[in-house]
Amino acid sequence: MSRFSRITGTGSYLPPRRLSNAELVAELAAKGVETSDDWIVERTGIRARHFAEADVGVSDLALHACRKAIEAAGCQAADIDLIIVATSTPDMVFPSSACILQNKLGVAGCPAFDVQAVCSGFVYALTLADALIKTGSASRALVVGAEVFSRILDFSDRTTCVLFGDGAGAVVLEASDVPGIWATDLHADGKHVDILCVPGHVSGGKASGSPLLTMDGQAVFKLAVGVLEDAARAVLAKAGKTEADVDWLIPHQANIRIMQSTAKKLKLSMDKVVVTVDQHGNTSAASIPLALDTAVRSGKIKKGDTLMLEGVGGGFTWGAVLLDY
Ligand code: UT7
């Protein structure tokens, strides 16, 4: 009998501090940075984002999301035998946020590690967990995307600081006799390192270089719309399915225009696209599981629906996962 993996529970968490565009625009104006609600909405679709308090780390956001996912799956933290956290804003340089999260969940023993693929991180982490479950190395994985991008934003750069937010999403992925995950497709092209990066590093006991995010938005935009179409077609071909089989497209929530373009290329109506960028902003690795959990809990996504998850981000990295929920 074949062994597959299947999502049995989802959870998410947003830190309580919510900033509407109007509030962010006012805060930035006080610092002499000029932007507007109109510009942000028109160019990105973003209307609000959440920022974590200064003493809250990625593992704290992840913990809330994981507790909800574990509850939804009807299991206990002690039943989890693999923890993967996708993040680019870890609590520490090391150990991994996954190890810190494991301890906060009150469990020990199972493997726990972070995946660094920026905004594609959740799709990478889900692919790894699926592979480890299929080989029998794990049976019940906690797969998390969590970020505090507010920590690495340059609030004097209006081209980036209006785009991102903080949050966490998680799924419990369990071994199953039936899919579950039909197919996965991951890619990277390291020649594009410079178009989206935080170039600083720790050296000689101090941060060396800028610890803040820089992005060539137009270059990222152009690459994103191309690779998202490619990844979608690749994962459908691997699964022997077509666009018509997709009930819900859950793309990385970076920009509504990228999502519209992807949906158009795949001939999917926007009614089939889960959109949360308006309320969450771009939460990098957290954006897909946050969108998934929001759509599950609102009743949009139902058991048995076929979902296409798609990530794209710094690296450059991209990928897709096709699954039956
Ligand atoms: O999660 C990783 C993936 N990241 C992404 O997917 C981001 C992809 N890129 C984008 O989403 C878009 O490129 C942006 C939203 C970042 C920018 O939108 P755009 O339509 O490409 O704008 P632009 O960079 O061409 O800038 C247009 C104008 C410029 O002014 P001029 O040169 O035309 O006078 C900018 O200076 O908009 C100006 N501008 C702003 N104005 C008001 C840039 N940022 C702002 C701002 N408020 N916040």
Side-chain angles (χ1 to χ4, degrees), residues 19-49 86-89 116-124 145-150 152-167 169 187-189 192-198 212-229 231 250-263 265 273 275-278 280-291 309-320:
L19 267 93
S20 67
N21 284 348
E23 288 163 315
L24 182 63
V25 166
E27 281 194 11
L28 292 173
K31 294 177 187 160
V33 177
E34 194 188 325
T35 181
S36 67
D37 175 48
D38 283 351
W39 190 94
I40 301 169
V41 172
E42 188 190 313
R43 302 287 176 134
T44 73
I46 297 168
R47 293 178 185 277
R49 76 286 293 141
T87 188
S88 299
T89 47
Q116 221 296 29
V118 202
C119 304
S120 309
F122 185 76
V123 165
Y124 266 66
E147 301 282 13
V148 282
F149 257 53
S150 59
I152 53 168
L153 294 180
D154 177 351
F155 284 97
S156 68
D157 175 9
R158 67 178 184 173
T159 68
T160 54
C161 72
V162 300
L163 305 175
F164 295 90
D166 302 341
H187 299 275
D189 184 349
H192 301 293
V193 164
D194 291 342
I195 62 171
L196 176 51
C197 62
V198 177
L212 301 175
L213 181 151
T214 64
M215 177 170 74
D216 177 344
Q218 285 189 4
V220 172
F221 195 104
K222 273 185 210 140
L223 270 172
V225 291
V227 298
L228 286 173
E229 181 186 9
I250 311 181
H252 168 48
Q253 306 285 312
N255 185 318
I256 189 70
R257 291 187 289 141
I258 296 176
M259 290 185 247
Q260 287 162 340
S261 161
T262 306
K265 287 182 173 180
V273 183
V275 176
T276 52
V277 71
D278 55 333
H280 301 167
N282 180 346
T283 57
S284 190
S287 92
I288 294 172
L290 256 166
L309 315 186
E310 284 207 278
V312 61
F316 213 67
T317 55
W318 66 98

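Counting convention: from 1, in listed order, for ligands and their atoms alike.
- Geometrically, ligand 1 and Val312 share no nitrogen or oxygen pair separated by less than 3.5 Å.
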Exercise for review: Run the numbers on Val225 and Lys265 for side chain to side chain contact (heavy atoms under 4.5 Å, CB included), then give the verdict.
Suggested key: CA-CA 9 Å; Val225 291; Lys265 287 182 173 180; 4.2 Å; yes
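- Between His192 and Phe316, the ring planes are perpendicular. Angles over 60° get that label, and only those under 30° would be called parallel.
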Practice item. Check the pair Met259, Val277 against side chain to side chain contact (heavy atoms under 4.5 Å, CB included), reporting the backbone distance first and the verdict last. Key: CA-CA 10 Å; Met259 290 185 247; Val277 71; 3.6 Å; yes
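- Near Arg43, the atoms of ligand 1 lying under 4.0 angstrom from a non-hydrogen atom of the residue are 19 (P), 20 (O), 22 (O), 27 (C).
- Among the atoms of Thr44, none of the N or O lies under 3.5 angstrom from an N or O of ligand 1.
- Close approach to Leu196 involves these atoms of ligand 1, each under 4.0 Å from a residue heavy atom: 2 (C).
- Contacts of Asn282 with ligand 1, taken as heavy-atom pairs under 4.0 Å, involve the side chain alone.
- Counting heavy atoms from C-beta on, the side chains of Ile40 and Leu163 never come closer than 4.5 Å.
- Near His252, the atoms of ligand 1 lying under 4.0 angstrom from a non-hydrogen atom of the residue are 1 (O), 2 (C).
- In this comparison of Asn255, Val220, Leu223, the heavy atom closest to atom 14 (C) of ligand 1 sits on Asn255.
- With Thr44 as the fixed residue, the side-chain contact (heavy atoms from CB on, under 4.5 Å) test singles out one of Asn255, Asp278, Asn282: Asn255.
- The line from CG of Leu28 to CG of Leu19 is 9.0 Å long, rounded to the nearest 0.5 Å.
- Under the 3.5 Å distance criterion, the side-chain polar atoms of Tyr124 are left unmatched by any main-chain donor or acceptor of Trp318.
- Proximity of Cys119 to ligand 1, defined as any heavy-atom pair under 4.0 Å, is confined to the side chain (atoms from C-beta onward).
- Between the side chains of Thr283 and Glu147, no donor-acceptor pair of N or O atoms lies under 3.5 Å.
- For atom 31 (P) of ligand 1, the nearest protein heavy atom lies 4.0 Å or farther away.
- Every N/O-N/O distance between Ser36 and ligand 1 stays at or above 3.5 Å.
- Protein heavy atom in closest approach to atom 35 (C) of ligand 1: Arg158 NH2, 4.1 Å.
- At a distance under 4.0 Å, a protein heavy atom can be found next to atom 21 (O) of ligand 1.
- The closest heavy-atom contact to atom 17 (C) of ligand 1, among the options Phe164, Phe221, Phe316, Trp39, comes from Trp39.
- Near Thr35, the atoms of ligand 1 lying under 4.0 angstrom from a non-hydrogen atom of the residue are 42 (C), 46 (C), 47 (N), 48 (N).
- Contacts of Ile258 with ligand 1, taken as heavy-atom pairs under 4.0 Å, involve the side chain alone.
- The protein heavy-atom contact nearest to atom 9 (N) of ligand 1 is Gly217 O, 3.0 Å.
- Within the 3.5 Å criterion, the main-chain N or O of Ile46 finds a donor-acceptor partner in the side chain of Asn21.
- The heavy atom nearest to atom 25 (O) of ligand 1, considering only Gln253, Gln218, Arg257, is found in Gln218.
- The environment of CZ in Arg47 is sparse: at most 12 heavy-atom neighbours from other residues, nucleotides or ligands sit within 6.0 Å.
- Two residues are said to be in side-chain contact when any heavy atoms from C-beta on lie closer than 4.5 Å; Glu310 and Thr262 meet this criterion.
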